[in-house]
Amino acid sequence: MLALAFAAVVGSFLVTNILVQRSSAAVGALSESIIHNSAPSIEHLAVARRAVLETELALSRFIHEPLLRPELGRTLETASARVKQGTYDYLSLPSYPGEQVLWLDVQESWLQFDNAVQQARELAESNKGAEASAMFGLKVEPAARRVLEDISRASELNAVRGRELAADIRETRRQTLWLSIGLTSVCVLLAVLVAWQLYRQSRTRRALFDAHTRSLETRAAELEQFAGRVAHDIRNPLSAARMAAELALRKSEDGAASHAIHRVVRSLSRADAITTALLDFARSGARPDPGARTELRTVIADILGGFAAEAEQAGIELQSEPVPSVLVACSTGVYLSLLGNLVRNAIKYMGDAPSRRITLRLSEAGAFVRTEVIDTGPGIATEKLPALFELYFRGQRGGADGLGLGLATVKKLAEGHGGRVGVSSEWGKGSTFWFELPRAGSSWELLHEGDGAPPPSRTELTH
């Protein structure tokens, strides 16, 4: 419907322009006919008419005033030349329908008048005044009346044609004006309908978006509450399992078994630390503990040991670049959750990549510490990058899929601690996921230490 309405608006606009252009062309043609034919014809005929009268008067005086003949002869010649010029100018213009007969009449009557004038002048110059006067009365005056009548009829025809052209111009403009008003009204009406439809659709889309947002917020709140309950409920079993594992480790005399039990204890300790940190973070309203500190070298070593078996089973080389001696402003459990999610995703989505390596890299960036997880996996399509950290977004690479919670958790924890997250990837060449956290002891922390204020937010997503 919108497409049809838009096409109708555009069509009406184009038709209006075409009509206006055609009307302008028609008015221009009619105006040209008036300017270059009707009006000049009347003008030339008026000159010829006046010259005929002047010629007739000059000839009469030339016959009856012999003493002034030299001067009157020049006047007569000038007037005759003006009759001839006016007549020729008129006859050289295009003719209107029915005007060709008047052309012939004007030309014929002018020639008769000119011949009669020349004959009467010759008689006067031969001192035959009586004969010249008789010629004037018998030929010159009737020829003059005829040529004046023909000129008048030709002038009237051109005047009538000029009025008709002017009437055509007015009618053309009137019709074009009404058509233009009508089509413009149609354009306005269609534009209003389109705007109304767009407004309705925008309201509908906005309502759907708001409803979807509220649904996501509700689900997120429910998920956080559920996660808090789950974290609370599994702390006791985790503690009991760790105590049992530690007891078994003390009683075990088998070296291989002791090593395996030791790994179990470490894994249970990490799980307990992550659970405790997430539970504390949820209870505090997503506000970090202002006094939390984590030494990264120990945590990185623990992560490498904890994922060693999983990486080895997947045929992946898990390594770390040298770790700087630096503290970050978060609890050990939070950092384990952040880095563990990224490492687990890198292992999970390695797929069938020929080069299978995951590298951890830590670097200092001013008041922040950046942690990068670099993999040589299949990479991520560019159009998916902006939504990776959104809640419930499910990525699929290498046949694996997720629930859409891991990266959302990373984003929530990092930004809740005043940091930020990001990803860069090239299809077929691997990905780099990273997060930044404030350094412990930064100028902000020293200034606000003990007041419970959250760190400044750095929520922009870098691609």
Side-chain angles (χ1 to χ4, degrees), residues 18-62 72 74-121 135-180:
I18 291 173
L19 287 175
V20 170
Q21 293 296 330
R22 291 183 61 183
S23 173
S24 298
V27 169
L30 295 173
S31 301
E32 289 289 322
S33 181
I34 292 176
I35 294 171
H36 299 293
N37 192 355
S38 177
S41 294
I42 295 173
E43 180 182 355
H44 296 323
L45 289 170
V47 170
R49 178 186 180 85
R50 185 169 58 252
V52 167
L53 295 174
E54 292 175 354
T55 301
E56 188 177 9
L57 178 60
L59 179 61
S60 177
R61 293 183 63 190
F62 185 85
L72 293 173
R74 291 191 294 271
T75 303
L76 180 60
E77 290 174 359
T78 301
S80 298
R82 291 178 64 191
V83 174
K84 179 179 180 181
Q85 185 63 45
T87 304
Y88 279 168
D89 289 341
Y90 164 67
L91 295 176
S92 65
L93 294 172
S95 63
Y96 290 118
E99 192 178 7
Q100 290 85 355
V101 176
L102 288 177
W103 271 14
L104 296 176
D105 291 344
V106 170
Q107 186 176 18
E108 181 180 356
S109 60
W110 166 70
L111 290 174
Q112 290 179 358
F113 174 72
D114 188 63
N115 289 333
V117 169
Q118 294 300 327
Q119 291 175 9
R121 180 178 180 178
M135 175 68 72
F136 185 86
L138 294 175
K139 290 187 176 182
V140 174
E141 287 184 340
R145 286 192 298 271
R146 181 183 174 188
V147 72
L148 290 174
E149 290 175 0
D150 292 339
I151 288 175
S152 297
R153 288 192 298 124
S155 298
E156 181 63 24
L157 184 145
N158 281 274
V160 170
R161 186 54 183 163
R163 289 192 294 270
E164 291 175 351
L165 292 173
D168 290 342
I169 290 174
R170 287 194 300 270
E171 182 64 19
T172 301
R173 293 186 62 185
R174 187 186 67 81
Q175 292 179 358
T176 303
L177 177 62
W178 282 110
L179 283 174
S180 177

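The structure displayed is predicted, hence computed values, not measured ones. Quick note: residue numbers are just sequence positions, from 1.
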*Quick check: does any side chain N or O of Asp114 sit under 3.5 Å from a backbone N or O of Trp110, one acting as donor and the other as acceptor?*
no

*So which heavy atom on Ala51 is nearest to which on Ala79, and how close?*
CB-O, 3.6 Å

*asked:* Contact between Leu53 and Leu148 at the side-chain level, heavy atoms closer than 4.5 Å - yes or no?
replied: yes

*Check Ala120 against Val140 and note the closest heavy-atom contact, atom names and distance.*
CB-CG2, 4.0 Å

*Does the side-chain contact (heavy atoms from CB on, under 4.5 Å) test come out yes or no for His44 and Tyr88, once each step is laid out?*
CA-CA 9 Å; His44 296 323; Tyr88 279 168; over 6 Å; no

*Can you tell me if Asp89 and Gln85 form a side-chain donor-acceptor pair at under 3.5 Å?*
yes

*Between atom CG of Leu104 and atom CD of Gln100, what is the distance when rounded to the nearest 0.5 Å?*
8.5 Å

*Counting distance only, does the side-chain N/O of Tyr90 pair as donor-acceptor with the main-chain N or O of Ser155 below 3.5 Å?*
no

*asked:* Quick check: closest heavy atoms across Ala58 and Thr75, and the distance to 0.1 Å?
replied: CB-CG2, 4.2 Å

*Quick one: does Glu108's side chain get under 4.5 Å of Asp150's, heavy atoms only?*
no

*So Glu164 and Arg161, salt bridge (Lys or Arg N to Asp or Glu O under 4.0 Å) or not? Walk me through it.*
CA-CA 5 Å; Glu164 291 175 351; Arg161 186 54 183 163; 3.1 Å; yes

*Is the shortest distance from a Lys or Arg side-chain nitrogen in Arg153 or Glu156 to a carboxylate oxygen in the other one below 4.0 Å?*
no

*asked:* Using side-chain heavy atoms (C-beta onward) and a distance below 4.5 Å, is Arg121 in contact with Leu59?
replied: yes

*Heavy atoms only: give me the nearest Met135-Ala116 pair and the separation to one decimal.*
CG-O, 4.3 Å

*First locate atom CD1 of Ile42, then atom CG of Asn37, and finally report the distance between them rounded to the nearest 0.5 Å.*
9.5 Å

*Arg174 atom CZ, over 12 foreign heavy atoms within 6.0 Å*: yes

*Is the side chain of Thr172 donor-acceptor paired with the backbone N or O of Asp168 at a distance under 3.5 Å, no angle test?*
yes

*Say you draw a straight line from CD of Glu99 to CG of Leu157; how long is it, rounded to the nearest 0.5 Å?*
5.0 Å

*CZ/Arg49 to CG/Leu45 distance, rounded to the nearest 0.5 angstrom?*
10.0 Å

*Value rounded to 0.5 Å, distance of CD in Glu54 from OG in Ser80*: 10.5 Å

_Reported CD-to-CG distance for the pair Glu43 and Leu93, which is rounded to 0.5 angstrom_ = 10.0 Å

*Can you find a heavy atom in the side chain of Ile169 that is under 4.5 Å from one in the side chain of Ile34?*
yes

_Tell me whether Glu149 is salt-bridged to Arg146, with the criterion being a basic N under 4.0 Å from an acidic carboxylate O._
no

_Side chains of Pro142 and Leu138 in contact at under 4.5 Å (non-hydrogen atoms)_ = no

*Shortest non-hydrogen separation from Phe113 to Ala143 and the atoms involved*: CA-CB, 3.6 Å

